[in-house]
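Starting from 1, each residue takes its place in the sequence as its number.
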Amino acid sequence: MVKFTFLFSGQGSQYIQMGRYFYDNFLISKQTYDEASEAAGFDIARLCMEGTIGEINQFTHMQLAVAVTGVAIFRAYMETYGISPQFMAGHSMGEYAALVCAGAIELSDMVRILLKRGELVMRLQKGRDGRMTIVDQIEEDELRKTLVECQANDQVFISCFNSYHQFALSGTDEALDRVEKCLVEKNALISPLLYSPPMHSPLMSEITGEFRQFLNTITYYPFRVPLLSNVTGMPFSDTKQLPDILTQHLTHPVQWVRSMNQLERYGISAVIEMSAMRVVSAFMEGDHPAVKCYCYGVVKDRQELDSLFQSDANYRKDKPNFWGRCLCLLASTENKNSNSKEYKRVTDIYKDIKKRYIASADSQFGTGREQYANGLELTLEALKIKHLESAEIKNIVKMLLDETNCMYLLKDVYRQL
C-alpha cells in the first residue's frame, strides 16, 4: 500500500469560489462552513464563494477562508474514503487546519485562535511598516549572501523555506525594497505578497506574550495522527507543546523543506493536498519527484485517487466503520473496575455492538442518527462502567466522531459530556 501524508496550504491558495464543489456536494463540508461561520460571527462560506478579491485577501479573512476550506475538503475526503494518513503537515496558517484534522483542536477553537491571531497582527501593524515577498529561482546560500550585502540581515528575514529554490522574506518596507532590487539584479523572481504583514519573523515578537496567554485558554485533545511542525520541521504529537509551538510560529520561519525531507526519510510515497488548488504539493513535486502528489480539490487528481482506492481492496477495508470503531474502543480501553458483576454489562454491550457491526457490513443495519446515537450511548455506558475519567471519555468520544465523520450527526450527545 502507498503511505500517504496530508498537506494543508496557507496563504496564496485563496480565491473566489474556493470550496464551492465541496460545499454544494457534501453535507459535512457545508456543516463545516456553518460551524466556522457561527464561531466567527460572519458567513465564511459567503466570503469564500461570493466575496470580493479585496475581502478574501484581508489578513484575518484570508486565514479563515484558507483554513476552513482545508478542513471542509478533508472531511469530504474522509466521508468518501476514510483512509487516514501516516502524517499531516500544514504550511503557515495551514497548520491550524492540520491540527483540526489531526484531532488536536476543535474547529470552533481554530476559528477563535485565528481571529485572535489576526487581531493581534493587525493591531501590531497599525502605524508600522513591514511586509512579505516571495523569492524564486535562487539558492539559499546566495539569498543569505544578498541579505548581508544589502546590510539588511537584521531587518529582513527568511520567513518560509518553501522549496529548494523558493523562499519567503519578511522585513521592513525600506530594507525589503533594497533586497528585492539586489535580487532582481541576480535574476531572481520577486512576487510581493499583497496585504501580508511580515509573518514568521522577529518583527512579530511584540505580540507573542498576549497570543501565548490566549492559547493557554484553549482545550487541546490527543492527536489521531502526528503533525510535522512548521517551527522544527519534525513530527510531534504532544499537545502540551502546542501553546509554545503556535506562539513560536509567529516569529520563527516555516521549515517546509525540512518537513518534506523528513517525509521522504519516513518512506512516504504520496501526498494529498487538502486544498482547493495545488500550492504546497507543487513544492513537494519539484523537490521530491519520486513522491506522487495529488490535490483533492483538483478534479483530475480526485479521479486518479478514486481509481487508486477502488482498485485496491486493502484501501476499501481500511475505511472506518462506526460500529467497528466502537468495538475497538471497548476492547482497547483500560478497565479500572474490579467488580466483575458490574463488568458483565460491558461484555453484554460489546456483544450487542458486535451484532450491529456484522449487520452493518451486510447492509442489514441502519446508519441513521438514531442507530448511531444509541450505539454511542451504549459505548458511553460501557466506558463509565470501566471507571474511566470524564476527560478521558470525552477524548475517546471525540476521536470516534472525528474518525467516522459523525461530529455533526451526534454533536448533541458529545456536547453533554
Side-chain angles (χ1 to χ4, degrees), residues 5-6 8 10 32 35-36 38-40 63-64 66-68 70-71 74-75 78 84-120 207-252 254 259 274 325 329 332-334 383 388-408 410-411 413-417:
T5 290
F6 292 168
F8 296 82
T32 298
E35 180 190 355
E38 182 179 353
Q63 290 189 113
L64 291 169
V66 169
V68 172
V71 176
F74 165 81
R75 289 176 172 174
M78 290 300 290
S84 293
Q86 278 68 40
F87 298 98
M88 293 190 190
H91 187 282
S92 188
M93 92 283 300
E95 186 157 284
Y96 289 93
L99 284 167
V100 173
C101 298
I105 58 175
E106 294 192 357
L107 176 67
S108 57
D109 283 335
M110 180 198 81
V111 171
R112 291 175 57 221
I113 293 170
L114 290 178
L115 286 172
K116 185 65 175 181
R117 189 175 187 255
E119 172 201 326
L120 292 174
I207 62 174
T208 55
E210 188 173 345
F211 191 55
R212 179 67 165 76
Q213 288 180 348
F214 183 81
L215 291 170
N216 286 337
T217 69
I218 301 297
T219 300
Y220 303 100
Y221 300 88
F223 283 75
R224 291 191 298 109
V225 179
L227 196 76
L228 286 105
S229 164
N230 279 192
V231 173
T232 66
M234 301 296 290
F236 79 103
S237 56
D238 182 359
T239 55
K240 294 177 182 177
Q241 296 178 343
L242 277 173
D244 285 335
I245 284 177
L246 294 179
T247 300
Q248 292 173 31
H249 203 255
L250 289 170
T251 56
H252 289 58
V254 173
S259 293
M274 296 297 170
R325 291 303 299 136
L329 292 173
S332 62
T333 50
E334 180 185 2
L383 295 175
L388 270 64
E389 300 290 336
S390 58
E392 186 178 2
I393 291 175
K394 186 174 183 179
N395 289 342
I396 290 170
V397 172
K398 181 180 182 300
M399 188 172 293
L400 168 66
L401 301 186
D402 282 348
E403 288 180 342
T404 57
N405 249 16
C406 291
M407 66 284 293
Y408 297 116
L410 300 174
K411 65 181 180 180
V413 180
Y414 175 69
R415 286 176 177 174
Q416 291 174 12
L417 297 177

Quiz prompt | side-chain contact (heavy atoms from CB on, under 4.5 Å) partner of Gln63, the single match among Leu114, Ile113, Val68 | solution = Leu114

Can you see which heavy atom on [X] is nearest to which on [Y], and at what distance?
X: Ala89; Y: Leu227; result: N-CD1, 4.2 Å
X: Ser84; Y: Met78; result: OG-CE, 3.8 Å
X: Leu246; Y: Phe211; result: O-CE2, 3.6 Å
X: Pro226; Y: Ser237; result: CA-CB, 4.4 Å
X: Ser259; Y: Gly233; result: OG-CA, 3.3 Å
X: Leu120; Y: Ile207; result: O-CG2, 3.7 Å

Taking side chain as C-beta onward, heavy atoms only, is [X] less than 4.5 Å from [Y]?
X: Arg112; Y: Ile218; result: yes
X: Val254; Y: His91; result: yes
X: Phe8; Y: Met88; result: yes
X: Asp244; Y: Arg212; result: yes
X: Thr232; Y: Gln248; result: no
X: Met399; Y: Tyr221; result: no
X: Leu107; Y: Met407; result: no
X: Val397; Y: Val413; result: no

To the closest 0.5 Å, what do you measure between [atom1] ([X]) and [atom2] ([Y])?
X: Leu329; Y: Ile393; atom1: CG; atom2: CD1; result: 11.5 Å
X: Leu401; Y: Arg325; atom1: CG; atom2: CZ; result: 11.5 Å
X: Ile105; Y: Leu99; atom1: CD1; atom2: CG; result: 5.0 Å
X: His252; Y: Ile245; atom1: NE2; atom2: CD1; result: 10.5 Å
X: Arg224; Y: Leu400; atom1: CZ; atom2: CG; result: 10.5 Å
X: Tyr220; Y: Asp109; atom1: OH; atom2: CG; result: 8.0 Å

Practice problem: Start with the C-alpha gap between Val100 and Arg75, add the side-chain angles, then the distance that decides, and say whether side-chain contact (heavy atoms from CB on, under 4.5 Å) holds. | Solution: CA-CA 11 Å; Val100 173; Arg75 289 176 172 174; 4.1 Å; yes

Quiz item: Lys398: what forms a salt bridge (Lys or Arg N to Asp or Glu O under 4.0 Å) with it, not counting sequence neighbours?
Solution: Asp402

Quiz item: Given the rule in the side-chain contact (heavy atoms from CB on, under 4.5 Å) test, do Leu215 and Leu242 qualify, once you have shown the distances and angles that lead to the verdict?
Solution: CA-CA 8 Å; Leu215 291 170; Leu242 277 173; over 6 Å; no

Self-check item: Glu95 side-chain N/O to Asn230 backbone N/O, donor-acceptor pair under 3.5 Å
Solution: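 Yes; at least one donor-acceptor contact below 3.5 Å.
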
Practice problem: In sequence, state the C-alpha distance, the side-chain angles, and the governing distance for Thr333 and Glu392, and then conclude on side-chain contact (heavy atoms from CB on, under 4.5 Å). | Solution: CA-CA 10 Å; Thr333 50; Glu392 186 178 2; 5.6 Å; no

Exercise. Could you tell me whether Phe236 and Phe223 have their ring centroids closer than 6.0 angstrom?
Key: yes

Self-check item: Parallel, tilted or perpendicular: rings of Phe6 and Phe74 (30°, 60°)
Solution: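 If you compare the ring of Phe74 with that of Phe6, the planes turn out perpendicular.
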
Exercise. In sequence, state the C-alpha distance, the side-chain angles, and the governing distance for Glu35 and Lys411, and then conclude on side-chain contact (heavy atoms from CB on, under 4.5 Å).
Key: CA-CA 11 Å; Glu35 180 190 355; Lys411 65 181 180 180; over 6 Å; no

